[in-house]
Protein chains: 2
Amino acid sequence: MTRENSRTPTEAELRILKVLWRKGPATARGVLEILEDQAGGKVGYTTVLKMLQIMEKKELVSVDRSERSHVYSPRVAETPTLRQAVSEFVDRTFGGDPAGLLVHLVRDGRLDERSLEELERSIELLRRSEEEQEDR
Amino acid sequence: MTRENSRTPTEAELRILKVLWRKGPATARGVLEILEDQAGGKVGYTTVLKMLQIMEKKELVSVDRSERSHVYSPRVAETPTLRQAVSEFVDRTFGGDPAGLLVHLVRDGRLDERSLEELERSIELLRRSEEEQEDR
DNA sequence: GCTTTCGTACTACGACCGTCGTAGAAAGGG
DNA sequence: CCCTTTCTACGACGGTCGTAGTACGAAAGC
């Protein structure tokens, strides 16, 4: 399977993107430091740098080379990226039908009350937007 | 990262497992035929065979070699496998918090009205069961 | 019996993934 | 000016993934 050009970021790429989404533009060292903080992740500096360079090639990040320390910024937004990841996962794992996934999720008991409320809000929002479409 | 020994099946492995879950024990050719039926998937016979052999090594399937044509059976059950896949995905993509995933799912507009209603029912059910626990 | 068909075993390959080592440029301190 | 630190660039490596070619034996057909 000739790897499709636009796939979801890999695991390591996503870890880095999350840092950039939270912190905004950062240098390789900046990303490294945050990565090291979280959950015993010992990574080499050059590893992070290489990752960022690869991600630039994939157009996941942009880079400002005007200073000696290059500054990387996310080039993809969080929401669509995650949306695509979900969509791909649903396709691969549940043949494109989200219902099965939902059953697993809700039954897992990992949702707290706040999450449930937000979920209900989302449902209402979706219903309303669909009504609008029908009214047209 | 020394790949953990018990990870979720890969994409191709999952495709094959799905066949075995639906059809029960099958030969390499049997699996191939079903795979070819669905969605223009042209695969080589030896590819499927190799996959099955790898999956045996990973203990995803068991094999009966008493006949010339080896017969493969799934060795992992569907529900826990999918559950694990979901869990891994939630960890990787949403840092272990399923709420974000749900929001994406709902917003994706891939859920029809029936699914939404079922989801709401599940939420209510979950709330009630949690109340019970608190009452104890 | 001889040939054609069908099955498994073995090997390989290209792509990607995550990880670094090392080399060399650049900046800054003394 | 030289030395140390701090960057980037380049290349490599061990692993997995998906795919398949080829070899060879066993079975089946004639």
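First the proteins, then the strands, lettered A, B, ... as listed; each starts at 1.
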Of the listed D/dA9, C/dA27, C/dC6, the closest approach to the B/Arg68 side chain comes from C/dC6

Establish, with yes or no, whether the OP1 or OP2 oxygen of C/dC16 is under 4.0 angstrom from a side-chain nitrogen or oxygen of A/Thr10. no

Can you label the angle between the A/Phe94 ring and the A/Phe89 ring as parallel, tilted or perpendicular, going by 30° and 60°? perpendicular

Determine the contact category for B/Thr46: base if any of its heavy atoms lies under 4.0 Å from a base atom, sugar-phosphate if only primed atoms, P, OP1 or OP2 are that close, otherwise nothing. base

Length of the CG-P vector between A/Leu17 and C/dG18, whole Å: 12 Å

In whole Å, I'd like the distance from the CD1 atom of A/Ile54 to the P atom of C/dG18. 9 Å

Taking only N and O in the side chain of B/Arg65, is any of them less than 4.0 Å away from OP1 or OP2 of C/dA9? yes

Under 4.0 Å from OP1 or OP2 of C/dA15: is there any side-chain N or O of A/Arg7 that close? no

B/Arg15 has a side chain; which of D/dA9, D/dA26, D/dT19 sits nearest to it? D/dT19

Rounded to whole angstrom units, what separation is found between the OH atom of A/Tyr45 and the P atom of D/dT8? 4 Å

Spacing of A/Glu11 atom CD relative to C/dC17 atom P, expressed in whole Å: 12 Å

Here the distance between atom C1' of D/dA20 and atom CD of B/Glu36, to the nearest Å, is 14 Å

Assess whether a salt bridge exists between A/Glu56 and A/Arg75, defined as any Lys/Arg side-chain N lying under 4.0 Å from an Asp/Glu carboxylate O. no

Closer to the 5' end of DNA chain C via nearest nucleotide, is it B/His70 or A/Ala12? B/His70

Report the distance from atom CE of A/Met55 to atom P of C/dG18, rounded to the nearest whole Å. 10 Å

Look at atom CD of B/Glu67 and say whether more than 12 heavy atoms of other residues, nucleotides or ligands are closer to it than 6.0 Å. no

Winner on side-chain proximity to A/Thr47, out of C/dG18, C/dA26, C/dC20, is C/dC20

Can you check the A/Glu67 CD to D/dT8 C1' distance for me, whole Å? 15 Å

Over all strands shown, is A/Ser69 touching base, sugar-phosphate only, or nothing at heavy-atom distances under 4.0 angstrom? sugar-phosphate

By nearest-nucleotide position on DNA chain D, the 5'-leaning member of B/Lys50 and B/Lys58 is B/Lys58

So does A/Arg83 get a backbone contact from the side chain of A/Ser87, meaning a donor-acceptor N/O pair under 3.5 Å? no

Between P on C/dG7 and CE on B/Met51, what's the gap in Å once rounded to a whole number? 20 Å

Starting the side chain at C-beta, find the nucleotide from C/dG7, C/dC20, D/dT19 nearest to B/Val43. D/dT19

A/Gln53 side chain, from C-beta outward: closest of D/dC7, D/dA9, D/dA27: D/dA9

Can we say A/Glu124 and A/Arg121 salt-bridge, meaning some charged N sits less than 4.0 Å from an Asp/Glu carboxylate O? no

